[in-house]
Amino acid sequence: MRMSRAFIPTEKEAPKDAVLSSHIYLARAGFIAQVASGLYNLLPLGKRVLKKIERVINEEMEHAGAQEVELSFVTPAELWEESGRIHKFGKELLRFKDRKENLFVLGPTHEEMMVNLVRNRVSSYKQLPLNLYQIKTKFRDEARPRFGLMRAREFVMKDGYSFHASTEDLDREFDAMEAAYKRILERLGLDFRIVEADSGAIGGSGSKELMVLAESGEDTLAVCDRCEYGANIEAARRSARREIPEAPEADFNRFETPGIKSIADLSAFFHVDPYYTLKAVAKRALYEDGDEIVVFFLRGSDDLQEVKATNACGAMELVDVDEAELTAIGLVPGFIGPLDLASVRTVFDNDVKGAGHMICGANEPDAHYVGVDLSVLPEEAQYAELYEAKEGDGCPVCNGTLGYTKGIEVGHIFKLGTVYSEPLGAEFLNENGKAEPFVMGTYGMGVSRLIAAVIEQHHDDKGCVWTRATAPYLVNIMVSNIKDEAQMALGEALYASLRASGVETIFDDRKERFGFKMKDAELVGYPLTVIIGKELANGNVQLFDRTAGEKRDVAAEEVEKHIMEWLG
RNA sequence: CGGGGUGUAGCUCAGUAUGGUUAGAGUACUUGGUUUGGGACCAAGGGGCCGAAGGUUCGAGUCCUUUCACCCCGACCA
């Protein structure tokens with residue numbers, strides 16, 4: 001491409017609403033342009049990057065035996081009624097009616113559509129397994145789109161779905177997909193981590209997220225400093241405590257504790273490690289039909305992980321409650337304990353099962369019990385994992401230590417089982433001629449988000465630094481002064497030659513000054529820029545490596561050889 | 001959805017507390033000239049329904065009401 005003819009509108013100033021580096025540079029360098037909240041146009045450079053990422057995905061999917069399809073973007077609302085998700089998805093689903101008043105939604109993900117495609121077309125175990133995927137625009141009417149391509153309403157996603165006759169076969173495919181996803185991210189040149197994750201509202205198990213490590217990531221990850229273990233904070237586990245604080249010696253007793261409401265105050269009041277205090281966290285659990293207040297109990301040294309808590313009580317979501325609401329049902333805020341508790345649903349963290357020497361609220365104002373043995377709790381008490389793993393906790397798989405890091409979720413794979421095939425009645429006949437629902441897996445990857453993730457991880461104060469697999473053009477031939485005939489002649493010759501060799505090349509033949517073109521080259525982030533300038537008088541040109549940020553002189557007649565070596 | 005903020009030239013922003021010539025700057029763009037290795041300089045230009053609607057006033061970018069859009073914090077996010 002000749003830059004004099006290219007549509008690459010670079011800007012000196014960032015759009016005022018851009019906060020993230022990737023958003024700023026992608027906008028300034030002319031890759032994207034905002035249209036409305038969460039909606040972006042991809043300009044020629046952006047489209048090229050997208051296609052390069054898509055190509056890597058397609059190659060790896062082909063290699064893994066998956067087949068590409070393309071399902072319609074507009075999907076009939078009836079399918080969403082059938083699966084029940086039209087209610088669960090809520091306002092994120094953009095709905096509209098056609099001229100015949102039929103209701104449709106813009107696809108935010110395509111489980112229903114894919115199941116619908118396969119059911120009744122695949123009817124025998126002999127036709128399984130099957131792995132179908134697409135790379136397609138999705139639309140989710142996000143409550144708050146932000147960060148440019150990172151959280152847009154309209155975005156491009158690769159979504160794949162596999163169909164199996166058994167969970168064993170699903171497990172095999174899941175591992176194969178994990179390996180394929182790993183290869184894709186490696187090829188794109190990203191530093192990432194595969195972590196355990198919550199499977200979310202969609203249901204299922206064996207959930208893993210692919211996280212590109214970046215400070216600006218929206219997800220917090222707990223990762224081990226010794227082994228491969230990593231998990232989204234929502235699902236992170238820890239080993240048993242290495243050191244148990246010395247237990248306080250006290251017989252069961254009731255104490256007046258005026259105004260002592262927080263764990264910190266309680267711990268100070270009794271000179272006891274918070275480990276031996278019982279924390280009560282009350283939330284209102286919202287279900288599909290109705291809601292209730294639930295009290296979660298865990299050690300004072302732990303914090304409640306809301307996603308775990310939500311799953312533990314089977315709620316759609318948990319919301320905060322105020323003191324008046326608690327008082328109204330007979331709870332005493334600040335002094336809630338498990339003994340003689342008013343009739344309210346409770347869930348206990350596994351770690352307090354049978355715990356002794358505990359201090360907990362007495363369910364009356366200004367009083368606590370000490371020396372409580374929680375093995376007195378009734379048999380039917382509900383226990384679940386409620387704690388949030390903290391930095392410094394022990395790794396659950398080795399004896400390393402967990403630390404926090406931030407990640408950008410670019411992929412999510414999980415085992416669906418029959419959660420869609422069953423309600424949608426998608427069945428096949430097994431070897432015994434008996435009908436069974438398909439066992440399914442789903443594999444998503446945010447393609448447009450990956451564009452942003454690459455830059456979030458690869459940029460400097462001058463602009464984008466594309467990896468080789470993602471760069472819109474690999475080589476930029478920059479002629480410093482287009483009025484210099486020798487410079488221009490070499491530029492033209494080199495451009496023609498590289499193009500003939502199939503190298504993705506852009507030719508900066510604009511009537512601009514050296515500094516202007518260099519700033520542009522750095523902002524856009526071409527991996528290699530060939531500078532044909534004043535050094536040509538001495539028989540030299542320069543190769544500017546964007547990643548290293550260094551220029552080196554090479555003989556003009558050998559420049560192509562050097563470029564080919566650089567390309568590898 | 002709760003709280004806060006901003007809408008003036010393609011872009012980044014002054015001007016709005018206290019209403020008053022013809023609405024400004026930088027940048028970008030056009031033309032001419034000088035420059036030519038780190039976003040050049042000089043000169044001359046083009047470009048605005050001051051987000052929209054209504055109102056107050058002799059007079060509104062500025063005051064009042066309504067509304068729309070966009071952004072930030074939070075909630076939410078297969």
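Convention: sequence-line order gives letters A, B, ...; per-chain numbering from 1. Values below: every heavy atom of this structure, side chains too, minus hydrogens, waters and symmetry copies.
- Salt bridge annotation for A/Asp291-A/Lys283: absent, with no cationic side-chain nitrogen under 4.0 angstrom from a carboxylate oxygen.
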Close N or O pairs between protein and nucleotides 26-28 of chain B (under 3.5 Å):
from: B/rG26; atom 1: N2; to: A/Glu13; atom 2: OE1; distance (Å): 3.3

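- Closest to the side chain of A/Lys16, from the set B/rU6, B/rG39, B/rG74, is B/rU6.
- Put simply, A/Gln34 has a side-chain N or O that comes within less than 4.0 Å of OP1 or OP2 on B/rC71.
- Candidate nucleotides B/rC70, B/rA75, B/rG38 were compared by shortest atom distance to the side chain of A/Phe514, and B/rG38 ranks first.
- Counting atom types as modelled, A/Arg28 pairs a side-chain N or O with a base atom of B/rG39 as donor and acceptor under 3.5 Å.
- None of A/Glu196, A/Glu388, A/Glu385 except one satisfies the salt bridge (Lys or Arg N to Asp or Glu O under 4.0 Å) rule with A/Arg237; the exception is A/Glu196.
- For A/Lys551 against B/rG38, a side-chain N or O and a base N or O form a donor-acceptor pair under 3.5 Å.
- Sorted by first and then second residue, the pairs that involve residues 10-19 of chain A and meet side-chain hydrogen bond (donor to acceptor under 3.5 Å, both in side chains), not counting sequence neighbours, are A/Thr10-A/Asp520.
- In RNA chain B, consecutive stretches of 3 or more Watson-Crick or G-U wobble pairs with both distances under 3.5 Å are given as paired ranges: B:1-7 with B:68-74, B:10-13 with B:24-27, B:29-34 with B:40-45, B:51-55 with B:63-67.
- Residue-level contact check: A/Asp320 touches neither bases nor backbone, having no heavy atom under 4.0 Å from any strand.
- Atom pair A/Ile8:CD1 and B/rC11:P shows a separation of 20 Å (rounding to whole Å applied).
- Atom-to-atom, CG of A/Asp322 to C1' of B/rG2 comes out at 15 Å; the value is rounded to the nearest Å.
- A/Glu456 contributes a side-chain N or O that, together with a main-chain N or O of A/Ser22, makes up a donor-acceptor pair within less than 3.5 Å.
- Among the atoms of the strands shown, only primed sugar atoms or phosphate atoms (P, OP1, OP2) are found under 4.0 Å from some heavy atom of A/Val19.
- Taking the six-membered ring where tryptophan is involved, the planes of A/Phe89 and A/Trp80 are perpendicular, since the angle between them exceeds 60° and thus also 30°.
- The nucleotide whose nearest atom lies closest to any side-chain atom of A/Glu11 is, among B/rC77, B/rG10, B/rG37, B/rG10.
- Applying the 90° criterion around 0 to the glycosidic angle, B/rA40 comes out anti.
- Ring-plane geometry between A/Phe438 and A/Phe163 is classed as perpendicular, the angle between the planes exceeding 60 degrees on a 0 to 90 degree scale with a lower cut at 30.
- Residue A/Lys517 is out of contact with every strand shown, counting any heavy-atom pair closer than 4.0 Å.
- Contact annotation for A/Lys534: base contact, defined as any heavy-atom pair under 4.0 Å involving a base atom.
- Of the candidate nucleotides B/rC72, B/rU36, B/rC70, B/rC70 has the atom lying nearest to any side-chain atom of A/Ser37.
- A cation-pi arrangement is absent between A/Lys158 and A/Tyr443 under the rule of less than 6.0 angstrom and at most 45 degrees off the ring axis.
- Note on A/Arg146: every side-chain N or O is 4.0 Å or more away from OP1 and OP2 of B/rC72.
- Aromatic ring orientation, A/His23 versus A/Tyr40: perpendicular (interplanar angle above 60°, classes split at 30° and 60°).
- Of all nucleotides listed (B/rU36, B/rU12, B/rG37), B/rU36 comes nearest to the side chain of A/Lys483.
- No side-chain donor-acceptor contact under 3.5 Å links A/Glu173 and A/His164.
- No hydrogens or angles were tested; on distance alone, nothing pairs the side chain of A/Glu522 with the base of B/rG39 as donor and acceptor under 3.5 Å.
- Ranking B/rG37, B/rC76, B/rG38 by closeness to the A/Ala143 side chain, first place goes to B/rC76.
- At the phosphate of B/rA40, OP1 or OP2 sits under 4.0 Å from a side-chain N or O atom of A/Arg513.
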